[in-house]
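Inspection log for the structure reproduced underneath, given as structure tokens.
None of these values were measured; they are calculated from a predicted model. Just so it is clear: chains get the letters A, B, ... in the order the sequence lines come, proteins before strands, and each one is counted from 1. We use all heavy atoms of the structure for the numbers below, so side chains are in, but hydrogens, waters and symmetry mates are not.
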Amino acid sequence: MVLTGAEIVIRCLQEEKVEYVFGYPGGSVLFIYDEFFKQDKVRHVLVRHEQGAVHAADGYARSTEKVGVALVTSGPGVTNAVTGIATAYMDSIPMVIISGQVPTAYIGQDAFQEVDTVGITRPCVKHNFLVKDVRELASTIKKAFYLAQSGRPGPVLVDIPKDISATKCEYAYPKSVAMRSYNPVIKGHQGQIKKAVQLLLEAKRPMIYTGGGVILSDAADKLAKLVRQLGFPVTNTLMGLGGFPATDKQFVGMLGMHGTYEANMAMQHCDVLLAVGARFDDRVIGNPANFAEVPRKIIHIDIDPSSISKRVKVDVPIVGDLPDVLDDITKLIAASGDRPDEKAVKAWWKQIEEWRGKDCLKYDRKSKIIKPQFVVEKLYEVTKGEAFVCSDVGQHQMWAAQYYKFDKPRRWMNSGGLGTMGFGLPAAMGVQLAHPGAPVACVTGEGSIQMCIQELSTCKQYRLPLKIVLLNNGYLGMVRQWQQLFHGNRYAESYVDALPDFVKLAESYGHVGMKIEKPGDVEGALKEAFKRKDDLVFMDFAIDPTENVYPMVQGGKGLTEMILSEEL
Amino acid sequence: MRHVISLLIENEAGALSRVTGLFSARAYNIESLTVAPTEDPSMSRITIVSIGSDDIIEQITKQLNKLIEVIKVVDISEAAHIERELMLVKVRATGKDREEMKRMSDIFRGRIIDVTETTYVIELTGNTAKLDSFIEAIDRTLILETVRTGVCGIGRGDRILKI
């Protein structure tokens, strides 16, 4: 069958069973858009800014097990998309980004809307391609989808010059991909797994620390099985929330810079640490030198060998696919007939309960001003913990992570690695499209929401009934908090003096706006909002502008050097 | 510690820039880098000389392996290996210096491959230290220009880097 490059693109997307493409048209992708127009299998979602397209595809991918797809034009289309691509890269989200490029004959001539897309995106993609021959287009797209979702997932970009999308060639979609240079490991090394089991069974103060890898590899069930089999405490990273049920007694909360007291203390003082799909990053373990002060054996399971022994020396590295390796460990423990050291583990739990007794997430519940923690708790109650929660970046992100108890994976979407303000709203659009009818909340701040506020228009066009929970404190709150704690209360440029009237703003986009100023009105407003199943409701909560996120580990400090709330 | 890392990589446009980009993005050090296609033209072989602690070199090899187009990575300096580098030096060769340059070139087993009334181009092969000592040994003021290829290396005996 002879097709044009543009027809091939659409055919390939259909072959990959792509439901939605998030994009924005422009000169170099017009042939491709023309083909969208002629079919209705793959639906296109028109965003208002390319960053929104990539975040939406990202949110779609995070909340499903599928690859997110975005389509942008050359030049500024691509540069606008870069923040979204880098966001997905840092969090290992499977995505395919298709970008238009100027015609091959114009490349390198500083043509209109030309940028070196492959060059600009190279450091923030898993891989990228420039298609110079239409005969390689189908196999390249096939490779892109394969690379995006296999091994450690990540965004893959395919740059297609305009003439390629107009040129005809014989089309056949390859059934499989074979690359001699790319063979991700699935099966963990059995000798290492044996060593790991032995360490786990001998542990006196064990700890299980799991990250985004558990979510991405759909390993939550296998993890829960192992955790319950062992009876050990478990903590999740910010990216790993929902990987283990937050309401389970064995869960000690999130760890890290804003982790719970008990999680950070247990992490520091354990003698055997099982790290699962997590990468010991700076926001998680603080200063590696402080972390190394307590001797402990570390077992690290990860699909990416370069994540192992990168910041912290590991004793038992296991490279492999998490569900597979966790299953092997569980089975080996069961087969051994041995049990963990119950007496020691019991004493360890007693210690942890003592730390837990500190109630580090306590806040003033009698406040006359709305406390942000209270809003998130009410959001949890009103949605019965069933909502998909997307957040932006800042204080509200941490409060959402601390107070919304995620029991299921793929319910919590946030930019953990890159920390991209503006992620929340467009990501929530992708989530809502993937889960029509499901409650989707976007917890945000007045700083973040304005970074992609234009997407309210997209929400109207596609009737996406998101519930926006704006925790409005008038400050770039996390910046203000750092300035208060580490810069002598000098609030340089963190106060936003001219905010819009968000109620009117929401209304002007055709949505419902609410302003909530009293603690007594919080629950009612949330109930009312979630009752309106067909409307996007924008709730502007006037929260306490002085509230800080605690506990807090200052950058560069050790995990146990926590600043605790004044309430304690 | 100085390490010599050899890798096989798909001979594709942009593949080299992924390697160099990785080094600059992660602030790894490159002392020298050589690249050319192998006997199988679909593959290139790159030799990188880098300096770093064992931890850093481990990360470098892991990160290189992670690049989609990289087929194989080996730190050849972990065991017996041979290194060679080629240098071309253009020197002023007039009067008594003309004879001196010829003599020095012979001592270092170099070859004079271009001769004019006033200059020689000397070709010299060896490990990095040998080339450095040649530069040290001749009168600096006579050097007009030098060009070096950077190190290429290969394992001794049965140590073979192949797919």
Side-chain angles (χ1 to χ4, degrees), chain A residues 86 89-90 92 104 107-108 116-133 136 140 143-144 146-148 150-157 159 177-185 279-280 288 292 300 302-314 317 319, chain B residues 1 3 5-28 30 33 35 37-46 48 50 52-75 78 160-163:
Chain A
Y89 180 66
M90 286 295 272
S92 307
T104 34
I107 291 178
D116 174 9
T117 300
V118 164
I120 284 180
T121 58
R122 190 180 295 125
C124 61
V125 292
K126 181 169 174 184
H127 198 58
N128 57 18
F129 299 93
L130 169 62
V131 182
K132 284 185 173 158
D133 183 340
E136 286 169 11
T140 302
K143 271 186 198 167
Y146 170 65
L147 289 171
S150 57
R152 178 175 182 172
V156 179
L157 181 138
D159 199 25
V177 179
M179 296 170 81
R180 62 178 170 184
S181 63
Y182 177 76
N183 298 293
V185 177
R279 57 190 177 90
F280 293 90
H300 189 177
D302 208 290
I303 190 85
D304 176 6
S306 73
S307 279
I308 298 178
S309 290
K310 182 169 66 178
R311 300 191 74 244
V312 165
K313 199 88 195 139
V314 167
V319 177
Chain B
M1 271 288 283
H3 289 256
I5 298 165
S6 275
L7 55 115
L8 291 173
I9 186 166
E10 297 289 352
N11 188 8
E12 279 169 14
L16 177 63
S17 56
R18 290 184 207 278
V19 172
T20 54
L22 170 68
F23 274 75
S24 60
R26 295 191 182 264
Y28 302 143
I30 298 183
L33 184 149
V35 56
T38 63
E39 79 282 4
D40 170 357
S42 72
M43 271 190 296
S44 290
R45 178 156 169 164
I46 299 180
I48 300 168
S50 183
S53 64
D54 288 352
D55 288 351
I56 289 183
I57 298 296
E58 185 186 331
Q59 263 301 307
I60 290 175
T61 53
K62 283 175 169 178
Q63 293 291 349
L64 284 169
N65 260 315
K66 204 161 114 176
L67 295 176
I68 305 296
E69 285 157 336
V70 168
I71 302 164
K72 233 173 188 180
V73 183
V74 171
D75 180 353
E78 274 182 343
I160 292 160
L161 174 58
K162 209 173 177 181
I163 53 167

[atom1] of [X] to [atom2] of [Y]: how many Å apart, nearest 0.5 Å?
{"X": "B/Ile9", "Y": "B/Arg45", "atom1": "CD1", "atom2": "CZ", "answer": "13.0 Å"}
{"X": "A/Lys143", "Y": "A/Tyr182", "atom1": "NZ", "atom2": "OH", "answer": "12.5 Å"}
{"X": "B/Ile60", "Y": "B/Ile48", "atom1": "CD1", "atom2": "CD1", "answer": "8.0 Å"}

Pick one of side chain, backbone, both or neither for [X], based on which atoms fall under 4.5 Å of a heavy atom in chain A.
{"X": "B/Ile68", "answer": "both"}
{"X": "B/Ser42", "answer": "both"}
{"X": "B/Glu12", "answer": "neither"}
{"X": "B/Gln59", "answer": "side chain"}

Under 4.5 Å from any heavy atom of chain B, what part of [X] do you find: side chain, backbone, both or neither?
{"X": "A/Asp304", "value": "side chain"}
{"X": "A/Ile308", "value": "both"}
{"X": "A/Lys126", "value": "both"}

Notebook entry, point to check: If you count heavy-atom pairs under 4.5 Å with chain B, which of A/Pro123, A/Ser306, A/Gly119 comes out on top?
Noted result: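 If we count pairs closer than 4.5 Å to chain B, A/Ser306 comes out on top.
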Note to self: Testing the basics here: between B/Thr38 and B/Ser44, what is the closest heavy-atom pair and its distance to 0.1 Å?
What the structure shows: CG2-C, 3.9 Å
Next item on the list: List the atom of A/Val314, the atom of A/His300, and the distance in Å for their closest heavy-atom pair.
Entry: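 Scanning both residues completely, I find the closest heavy atoms to be CG1-CB, 3.7 Å.
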Notebook entry, point to check: Under a 4.5 Å cut-off applied to non-hydrogen side-chain atoms, are B/Ile163 and A/Arg180 in contact?
Noted result: yes
Note to self: Can you see whether A/Ser307 engages A/Arg279 through a side-chain donor-acceptor pair at a distance of less than 3.5 angstrom?
What the structure shows: no
Next item on the list: Output the option from B/Gln63, B/Glu10, B/Arg18, B/Glu69 having the highest count of non-hydrogen pairs under 4.5 Å with chain A.
Entry: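 Option with the top pair count is B/Arg18.
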